[in-house]
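What's counted below: heavy atoms across the whole structure, side chains too, no hydrogens, waters or symmetry copies.
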Amino acid sequence: MTSRVLRRVLLVEDDPDIQAVADAALSWIGGLEVEVCASAKDALDRAPAFRPDLILLDVMMPGMDGPQALLALREIPETRTTPVVFMTARVQPHEVARYKALGSLDVIAKPFEPEELAARLRQMWARLETRAPG
Amino acid sequence: MKARLPRDGRAQLEALRRAYGEDLPRRVRAIEEAAARLHGAALRPEALEAAYHLVHRLSGSSAIYGFEAVRRAAAALETRLASAMEAGAPAGNWEAELAPHLEALRRAVSAPPASGQEK
């Protein structure tokens, strides 16, 4: 059974418009505590102090992209095992398989429905908690 | 399945959508200005990339905010610009090439959605 509740989400997205609507969807509608980062570097700097339960990570960002950020997050003790969900418009089966092979929990396809975003993350979280040992 | 949404959250989201919709003409003007910089004898790759970046962002965000007609017009323009980038920014009559796409974008932005937005 699920033992922990999803509360804190680190949102990493460089587009201010998508940032705003995803933040609103997760916090106002989903009741989650959200820390918004505009870049992978920002996320790497702020994740250790925020200690998110889950990281929602855009794939295509200037500079360090999502997959590179995931690898860097795995080098930080506080986020070594934090579940990461990618957000991307590139959701061909081979692309999704690649993201999962990199270690992402799942993928949210863009465009997403803001009203459903938090619920979808909670479903992914519940799946993860259900299969976690102990 | 639609989640039951907190009333305040839904209102806040609608306010964001309205603000985004009101700002769309400014975004289209920025794209028109970027497209205008593509005209001339030589198509500069950096100018093409700048235009593509603006259109790509509009295409992605308009879909999430529920402006489907804007998304369609932006996506068509995005595809055209992407193919030009892949072809190495070839010279051509870009003014004529892009004009129908820009017109479609202007029409999509100026057409009033059925209920404030298209969702």
Answer yes or no: does atom CZ of A/Arg51 have more than 12 heavy-atom neighbours from other residues, nucleotides or ligands under 6.0 Å? no
Salt bridge A/Glu13-B/Arg57, side-chain N to carboxylate O under 4.0 Å: no
Does B/Glu49, at its CD atom, have more than 12 non-hydrogen atoms belonging to other residues, nucleotides or ligands within less than 6.0 Å? no
Which is it for A/Ile29 and B/Arg10 under the side chain to side chain contact (heavy atoms under 4.5 Å, CB included) test, yes or no, and what are the steps along the way? CA-CA 7 Å; A/Ile29 290 175; B/Arg10 188 190 287 274; 5.6 Å; no
Shared ILVMFWY cluster between A/Val59 and A/Leu44, side chains joined below 4.5 angstrom? yes
Working to the nearest 0.5 angstrom, can you tell me the gap between B/Leu58 CG and A/Asp17 CG? 8.5 Å
Side chain / backbone / both / neither for A/Ala89 at chain B, heavy atoms under 4.5 Å: neither
For residues A/Ile18 and B/Tyr65, determine if any side-chain heavy atom of one lies less than 4.5 Å from a side-chain heavy atom of the other. no
Are more than 12 heavy atoms from other residues, nucleotides or ligands located less than 6.0 Å from atom CZ of A/Arg90? no
Looking at A/Met64, I'd like to know if its CE atom is crowded, meaning that more than 12 non-hydrogen atoms belonging to other residues, nucleotides or ligands lie closer than 6.0 Å. yes
Is it the case that more than 12 heavy atoms not belonging to B/Glu103 sit under 6.0 Å from its CD atom? yes
Would A/Leu6 and A/Ile108 show up in the same hydrophobic cluster when neighbours are defined by side-chain heavy atoms closer than 4.5 Å? yes
With side chain to side chain contact (heavy atoms under 4.5 Å, CB included) as the test, would you mind laying out the steps for A/Asp15 and B/His56 before giving the verdict? CA-CA 11 Å; A/Asp15 184 324; B/His56 173 73; over 6 Å; no
Measure the CD1-CZ distance between B/Ile64 and A/Phe112 for me, rounded to the nearest 0.5 Å. 4.0 Å
Grab the two heavy atoms, one from A/Ala24 and one from B/Leu13, that are nearest each other, plus how far apart they are. CB-CD1, 4.0 Å
Part of A/Asp14 within contact of chain B (heavy atom distance under 4.5 Å): both
For the OG atom of B/Ser61 and the CD atom of A/Gln19, what is their distance to the nearest 0.5 Å? 12.5 Å
